[in-house]
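Below is one structure, written out as structure tokens; the observations come after it.
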Amino acid sequence: TATTTATTVTSGSDNGDDNDKNNKNNNNNNNDVNDNKNNNKKKKKKNTKQGQTLNPFRRDPFSEFIQSRLGMAFTIFIIALLCDIFLAKPILHQKGMTEIQLIHEIMQKTTGMNFENTLRFINASIPIGTAPDPKLRPGYTLSQEGATAKYPVVLIPGFITSGLELWQGEDCAKRHFRQRLWGSLPIFVQSFFTDMKCWSRHLALDPLTGGDPKNIRLRSAQGFEAADYFMSTYWVWDKIIENLSDVGYDSSNMIMMSYDWRLSFATLERRDGYLTKLKANIEAMVKTTGTKVVIASHSMGSQIVLYFFKWVTTDEQDGGGGGGLDWVEKHCAKFVNIAGPLLGVPKAVPALLSGEMKDTAALLGPMGSMVERVFGKKDRKELWTTWGSLWEMLPKGGDTIWGPHDIITAQYDPPLTESSELSERLCHNVFSIKDGDADEFCQEKVHHAHGADARSNDGSRSHKVGVDDTDTNSMNFQACKKSSFITFTQETDSLGPDDNVSNDAISSNDTNNANLQGNTTSKAMLDREWSITDSIDFLRKSGGGYGNDLHASKSISPRPDSDTWNNPLVTPLPNAPSMKIYCFYGVGIETERAYFYRKLARLETNVESFPYFLDGTMNDPENHIHFGSKSSDGDVSVPLISLGYLCANKWKTSKQLNPSDIHVITREYKHREEFQVNDPMRGGPYSSDHVDILGNVDAMADLIKVVTDHNVDEIQDNIVSDIESISKRINNEPQSS
């Protein structure tokens, strides 16, 4: 034991000596390192003081890393470029595929669906009620008060808000089979930057039949998803659907009856059997629930409902649905008309006349130029002309309804004086257009649609578009002051930087204006202003370039009684004394109502385009003139007259238009815009513009009360606009239309 202990002590001593030595060595090394660092610092300071730098271009390791990666990326790019030139293109051509088709396929597989899923994820992550707290939704609030589902509900969407799916198409679109060619943001973006012509051809209808073009079939999407959102992110019916679900509605007692919004109303039934399906669905809901339905429609959907009421009560032998005169009384408890353009919309006229409206005229600078180059006025006009629905929405009632009654002018602001700058432009830079233009305007397009060239008697190409440039000083100020629908302003030799008129958008031939054929429809055709009647007469006669052969224009031509079903000033409400009609619409927003047009002196030789364009330079907000359009009260899309004249006046006073004395309640919602973080792109919970009203909390609360009968007696007339005095002025006019 003693030996072991001694050995251990000796070992411990040796180890201690070794540790001391190591520590001394480490200390010496550390001192050497510190000395080296200090020496280096001294050297650097010395060099700096002497103004010398050992390596002025030396980079830190991060910069060297970036440089190496950039060099590698450049090398890869060069290799890829060489492969594209010498390998990829020959292989693609051998496979019969072009570079554009390859880009389409890559975008479809790698970005399209991912982008769509990303947008859906964003939608799901943002509160979709009227506020982040569901307790603030009117549906939730009313459900807590005892409101529950009572009447089955039929929802009918409006113009352009339903998705359109491709079921048959050309080679350029076949990859989108059963996808939304209209209503899908990724597909629209792809088409906009790659092949807009293909997209436009598939959205167009056959101009001579009003139906599907050859080898192309688009059909409306179905179900609630058809119109809950538009272009993935823009809510339409979603808020109403969610609030109705709060009080007990679901797919068993509520249905969305979407449709192909491009078609005329008659073609909807002839091609798709839409009215028959609507009738059958309503009958089925009444049978399964034992309760009459509530029809809630938005925008153009309200026009379709009125057309449907006449169709379903007309005998089959007369082109109707054969439901009998009392069908509406038996099956419909209430009709809720939300922002319905019952008397049409003025913006349909410039859309069909020149492919424009205030929204397009307001696109200035690079954005406007890009839109015009990719999808210009001529392209838009050719597409829109084929849509029968746009012709259905032309203003109804003629000059009696659409006179100067509602245009915001001197009754709100000081009147124009003859010395004002605006009146100077209006009264001394004007010209006229003759009715013969319509005859010449339509010739070439009709021949083109039939596969033949338009030829004059001597066999030469015909390019006549008549323009009578009368003395611009002959117009007196009184004629200038009158309220017209279209005022032809100035003629210019060249376009300004913000005019955004594509090279092929304006056309004419100044050498063939002497010999015009055709009769003058009215004296106004020789004037410098057109009334609404003059404008529609020209559209009907020219047929967008197809003349009488254009199928869509026949919806406004004098024909048998069945073709007046889309005009509520002629066709009365159904025999349904127990049904109630509710008109909900927004007011308080300046809405385009009349227009300024001008002619371009430097024109192309192409008669397929109307040789005038919306004068976006006419912009005087103080006089309520915005980018070539005069304004009236309305909901930004539909003027007050179209929204409220029938609801607030004519249906309540005319036994001829309301023979069974249906109770009509009119509710106006004053527009009040406010920003919301959870819905930044819209006008807020009290916005009453044409689409936002579907999310207006007051309108949704009223709708829920109507469909549940909860406190429904509170829903009474609420007029906040000038519609009553406007209606009186209209009723005092001579009934010329």
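Looking only at distances, a side-chain donor or acceptor of R593 sits under 3.5 Å from a matching main-chain atom of W402. Side chain of S302 to backbone of N337: no donor-acceptor contact under 3.5 angstrom is found. Judged purely by atom type and a 3.5 angstrom limit, Y249 has no side-chain atom pairing as donor or acceptor with the backbone of N243. The closest donor-acceptor contact from the side chain of E392 to the backbone of N566 lies at 3.5 Å or more, if one exists at all. Using modelled atom types, one side-chain atom of N253 and one backbone atom of D250 make a donor-acceptor pair closer than 3.5 Å. Formation of a donor-acceptor pair under 3.5 Å by the E316 side chain with backbone atoms of G322 is not found in this model. Under a 3.5 Å cut-off, the side chain of S258 and the backbone N or O of A221 do form a donor-acceptor pair. A donor-acceptor pair under 3.5 Å is formed between the side chain of T313 and the backbone N or O of K310. When atom types are taken as modelled, the side chain of D633 and the backbone of G588 share a donor-acceptor pair closer than 3.5 angstrom. Distance alone, capped at 3.5 Å, is enough to place a donor-acceptor pair between the S660 side chain and the A576 backbone.
The number of heavy atoms from other shown groups lying within 6.0 Å of CD (E724) does not exceed 12. Enclosure of atom CD1 in I719 by more than 12 non-hydrogen atoms of other residues, nucleotides or ligands within 6.0 angstrom is indicated. Counting heavy atoms of neighbouring residues, nucleotides and ligands inside a 6.0 Å radius, atom CD of Q656 does not exceed 12 of them. With a 6.0 Å radius and a threshold of 12 heavy atoms from other residues, nucleotides or ligands, K287 has its NZ atom at or below the threshold.
Partner of R262 under the side-chain contact (heavy atoms from CB on, under 4.5 Å) criterion, chosen from L205, L390, T267: L205. Applying the side chain to side chain donor-acceptor pair (under 3.5 Å) test between S687 and each of D692, D679, N696 identifies D692 as the sole match.
For T564 and N567, the side-chain atoms include no donor-acceptor pair closer than 3.5 Å.
The minimum heavy-atom distance between M700 and G695, with the atom names listed, is CE-O, 3.5 Å. Scanning all heavy atoms of the two residues, the minimum distance from C332 to I295 falls at SG-CD1, 3.9 Å. Shown here for A552 and W391, the closest heavy-atom pair between the two residues is CB-CD1, 3.3 Å. What you find for I255 and M285 is that their closest heavy atoms are CG2-SD, 3.7 Å. Across every non-hydrogen atom of D318 and T314, the tightest pair is CB-CG2, 3.7 Å. Closest heavy-atom contact between R180 and E225: NH2-O, 2.6 Å.
For the pair E668/L640, a side-chain contact is recorded, criterion being any heavy-atom separation below 4.5 Å from C-beta on. Looking only at side-chain heavy atoms (C-beta outward), L155 and M254 come within less than 4.5 Å of each other. For the pair V706/R667, no side-chain contact is recorded, criterion being any heavy-atom separation below 4.5 Å from C-beta on. In this structure, the side chains of T571 and Y307 stay at 4.5 Å or more apart for every pair of heavy atoms. Proximity of P341 to Q303: side-chain heavy atoms (C-beta onward) are separated by under 4.5 Å at one or more points. Proximity of L275 to V312: side-chain heavy atoms (C-beta onward) are nowhere separated by under 4.5 Å. Inter-residue side-chain proximity for L306 and L573 is flagged as met; some heavy-atom pair is nearer than 4.5 Å. Considering only heavy atoms from C-beta on, T666 comes within 4.5 Å of K652 through its side chain.
Taken from OG in S721 to CD1 in I726, the straight-line distance is 6.5 Å, to the nearest 0.5 Å. The distance from the CG atom of L352 to the OG1 atom of T386 is 10.0 Å, given to the nearest 0.5 Å. For the atom pair OG of S220 and OH of Y274, the computed distance is 8.5 Å after rounding to the nearest 0.5 Å. Here the CG atom belonging to N649 is positioned 11.0 Å from the OG atom belonging to S725, to the nearest 0.5 angstrom. To the nearest 0.5 angstrom, L263 atom CG is 5.0 Å from L268 atom CG. Note that CG of L325 is 10.5 Å distant from NZ of K330, once rounded to the nearest 0.5 Å.
We find that D709 and K334 are joined by a salt bridge, their nearest charged nitrogen and carboxylate oxygen being less than 4.0 Å apart. By the 4.0 Å N-to-carboxylate-O rule, R219 lies close enough to D212 to be salt-bridged with it. With respect to D272 and K277, no salt bridge is recorded, no charged nitrogen being found less than 4.0 Å from a carboxylate O.
Less than 6.0 angstrom separates the ring centroid of F230 from the ring centroid of W182.
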Exercise. Determine, stepwise, if the pair K630 / Y595 fulfils side chain to side chain contact (heavy atoms under 4.5 Å, CB included).
Key: CA-CA 6 Å; K630 302 176 188 178; Y595 303 91; over 6 Å; no
Evaluate the criterion side-chain hydrogen bond (donor to acceptor under 3.5 Å, both in side chains) for residue pair D702 and Y582; output intermediate values, then yes/no.
-> CA-CA 10 Å; D702 289 345; Y582 295 85; over 6 Å; no
Check the pair F265 / M300 against side chain to side chain contact (heavy atoms under 4.5 Å, CB included), numbers first and verdict last.
CA-CA 10 Å; F265 302 162; M300 191 179 74; 4.2 Å; yes
Notebook entry, point to check: Can you check side chain to side chain contact (heavy atoms under 4.5 Å, CB included) on D722 and V587, steps first, answer last?
Noted result: CA-CA 10 Å; D722 199 30; V587 295; over 6 Å; no
Margin query: Working note: V349 + L394, criterion side chain to side chain contact (heavy atoms under 4.5 Å, CB included); need CA distance, chi angles, decisive distance, verdict.
Written below: CA-CA 7 Å; V349 175; L394 285 170; 3.7 Å; yes
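In this structure, F159 and W261 have perpendicular ring planes: the angle between them is above 60°, well past the 30° mark.
When the side-chain contact (heavy atoms from CB on, under 4.5 Å) test is applied to T289, the partners found at least two apart in sequence or on another chain are P152, T291. Residues meeting the ring pair (Phe, Tyr, Trp, His ring centres under 6.0 Å) test with W327, sequence neighbours left out: F308, H331.
Stacking of R682 on the aromatic ring of Y234 is recorded, both the 6.0 Å distance cut-off and the 45° axial limit being met.
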